[in-house]
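Throughout, a chain's letter reflects where its sequence line sits, starting with A, and its residues are numbered from 1.
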Protein chains: 2
Amino acid sequence: MTESPYLAIKRSITDGIAARHYAPGQVLPSEHELCRKFGVARMTVNRAMRELATEQLVRRVPGVGTFVAEPVAQSGLVELRNIADEIAARGHTHTARIFALGPHAPDAAFGGTPLYHSAIVHYENGDPIQFESRLVNPALAPDYLQQDFTKITPNEYLVRVAPLQEVAHDVQAIPAAPPISQHLDLSPGEPVLLVTRRTWSANALAALTHLYHPGSKFMLTGHFNPQSK
Amino acid sequence: MTESPYLAIKRSITDGIAARHYAPGQVLPSEHELCRKFGVARMTVNRAMRELATEQLVRRVPGVGTFVAEPVAQSGLVELRNIADEIAARGHTHTARIFALGPHAPDAAFGGTPLYHSAIVHYENGDPIQFESRLVNPALAPDYLQQDFTKITPNEYLVRVAPLQEVAHDVQAIPAAPPISQHLDLSPGEPVLLVTRRTWSANALAALTHLYHPGSKFMLTGHFNPQSK
DNA sequence: GAGTGGTCTAGACCACTCA
DNA sequence: GAGTGGTCTAGACCACTCG
């Protein structure tokens with residue numbers, strides 16, 4: 001089964017952006033060019049590009065052209081925050097230790113395909129601040145297992161290779177239990193802030209992530225400025 | 001200047017939903033019917049309905065039809081949701097008990113003026129689900145102490161009298177301690193999800209709110225779908 | 001088989017920008 | 001004036017559901 005043309009066009013653009021073949025601000029091929037390149041009607045190209053625009057991956061200017069969007073800083077708890085950047089912003093030192101990185105059995109949430117899994121503890125000035133356990137869709141990040149996640153966080157890597165389409169969060173307070181209590185240097189039962197995050201890219205579930213934080217040392221912050229609606 | 005056809009179609013549907021002319025779950029006119037009604041091509045109707053689907057206002061089932069979406073309880077870290085509405089959306093019963101309502105000593109965060117204070121426990125089907133302690137700026141809500149907060153939540157009242165300008169959140173996991181453990185029916189030390197919320201209105205801090213939730217029974221969820229408007 | 005939505009075509013007219 | 005995106009048309013074929 002082959003992808004429908006408008007999806008193929010979207011993918012070709014998102015792949016080009018992810019691969020830095022198209023840089024932020026750069027002009028993309030016009031609709032007319034894409035028609036020729038893919039051998040389709042302009043309405044088909046138009047739909048693909050219009051959807052990319054509503055997903056804020058590109059910016060369209062009538063009479064001028066279509067451009068790769070500058071990466072936007074979304075506010076607050078919705079933002080996909082990079083733990084390493086956050087720690088650096090506080091003037092502290094980030095280190096990471098990898099506890100697992102390899103294939104993983106299929107999970108129903110991903111539709112039963114084999115997965116990748118990583119388990120990493122992040123430290124701020126040597127103190128454990130986050131234990132992240134992540135299931136990743138290999139189709140969207142085939143080289144996931146080859147990365148050095150002490151140098152680039154999984155989050156940073158995934159944002160780069162799989163442009164973000166949609167995010168959902170759950171936040172809970174749960175009691176610490178092994179092995180998480182050990183990884184975070186907590187006594188069993190101490191409060192842990194658990195953020196469960198699902199991210200979608202290219203119309204598929206890209207990653208299912210569990211982020212565990214010591215309740216005493218970690219705080220999620222969010223800021224919201226109502227402009228739309 | 002007149003609205004473009006596909007926008008007119010969208011508006012006619014959204015108006016119908018807002019006016020309860022179309023109820024949740026109800027089937028909407030088919031694309032073919034809408035073509036006749038508006039005198040346009042099906043592609044035009046299709047675009048309108050497809051956009052409503054991505055906005056989650058309608059749900060489309062191939063081969064069956066298009067239906068008004070059930071109201072989604074995608075409560076937000078970003079949205080200011082009303083706890084009573086959230087509980088109602090789950091089909092449960094909300095009740096509230098007031099533990100304090102009166103003047104409060106000045107707080108540095110508000111610039112040293114006298115304040116109002118309220119402390120309320122919210123119950124879902126009789127189970128305590130949130131303890132809210134709120135400091136309010138009297139300048140922005142002078143009649144705060146005269147409200148019956150078993151009938152209208154402080155949040156709802158404040159949104160009404162002081163249009164929201166800006167919101168900031170902190171989220172933490174902390175151990176329960178008296179009196180909060182008692183209000184939430186928890187053992188001391190059990191995890192509590194604490195949301196600290198600051199809201200601004202008319203360029204002034206309007207309220208400083210602490211929302212405590214039993215970690216085991218409460219979950220914050222957030223959903224982010226990059227699309228404008 | 002009749003009806004639905006999903007997708008596509010090969011044109012078209014428009015308002016706009018830029019050189 | 002040449003090029004861009006925004007929108008629309010009047011058809012079409014498909015996979016699907018339901019009675």
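- Across every strand in view, D:dT9 sits in a pair with C:dA10 that passes the Watson-Crick or G-U test at under 3.5 angstrom.
- For A:Y6 and C:dC8, the shortest distance from a side-chain N or O to OP1 or OP2 is not below 4.0 Å.
- Rounded to the nearest 0.5 angstrom, B:T95 OG1 and B:Y123 OH are separated by 7.0 Å.
- Here D:dA10 presents its P atom at 13 Å from NE2 of B:H32, a figure rounded to the nearest Å.
- Rounding to whole angstrom units, CG of residue B:L34 and P of D:dC8 are separated by 14 Å.
- Close to D:dT4, at under 4.0 Å from its OP1 or OP2, lies no side-chain N or O of A:T66.
- Rounding to whole angstrom units, CG of residue B:L52 and P of C:dG5 are separated by 13 Å.
- Applying the Watson-Crick and G-U wobble criteria (two distances, each under 3.5 Å), D:dG3 pairs with C:dC16.
- Between B:R47 and D:dT7 there is a side-chain N or O to OP1 or OP2 distance below 4.0 Å.
- OP1 or OP2 of C:dG3 has not a single side-chain nitrogen or oxygen of B:S30 nearer than 4.0 Å.
- Considering CD1 of B:I129 and NE2 of B:H213, their distance stands at 7.5 Å, rounded to 0.5 Å.
- A ring-centre distance under 6.0 Å is found for B:Y144 and B:F149.
- Considering only side-chain atoms of A:M43, the nucleotide from D:dT9, D:dG6, C:dG6 that sits closest is D:dT9.
- The nearest heavy atom of DNA chain C to A:G63 and to A:R42 marks one nucleotide each, and the one closer to the 5' end goes with A:R42.
- How far CG of A:L135 is from OG1 of A:T209: 8.0 Å, rounded to the nearest 0.5 Å.
- Residue B:R60 places at least one side-chain N or O under 4.0 Å from the OP1 or OP2 atom of C:dG6.
- Residue A:S4 has no polar side-chain atom (N or O) positioned under 4.0 Å from OP1 or OP2 of C:dG6.
- Under the 3.5 Å distance criterion, with hydrogens and angles disregarded, no donor-acceptor pair is assigned to the side chains of A:T153 and A:N155.
- Nearer the 5' end of DNA chain C, as judged by each residue's closest nucleotide, is the contact made by B:P29, out of A:V64 and B:P29.
- When the nucleotides D:dC8, C:dG6, D:dT4 are ranked by their closest atom to the side chain of B:P5, D:dC8 comes out on top.
- Within the structure, side-chain hydrogen bond (donor to acceptor under 3.5 Å, both in side chains) pairs that include any residue of residues 35-48 of chain A comprise A:Y6-A:R47, A:E31-A:R42, A:E31-A:N46, A:N46-A:R50, A:R47-A:E51 (at least two apart or interchain).
- Distance A:N46 CG to C:dA10 C1': 14 Å, rounded to the nearest Å.
- Rounded to whole Å, the distance from CZ on B:F38 to P on D:dC8 is 12 Å.
- Look at CZ on B:R36: it is 16 Å from P on D:dG11, rounded to the nearest Å.
- Distances shorter than 4.0 Å separate none of the side-chain N or O atoms of A:T44 from OP1 or OP2 on C:dT7.
- The distance from atom CD of B:E3 to atom P of D:dT7 is 12 Å, rounded to the nearest whole Å.
- For the pair A:E51 CD and D:dG6 C1', the interatomic distance rounds to 15 Å; values are reported in whole Å.
- Taking the side chain of B:E33 as heavy atoms from C-beta on, and the options D:dG5, D:dT4, C:dT4, the nearest nucleotide is C:dT4.
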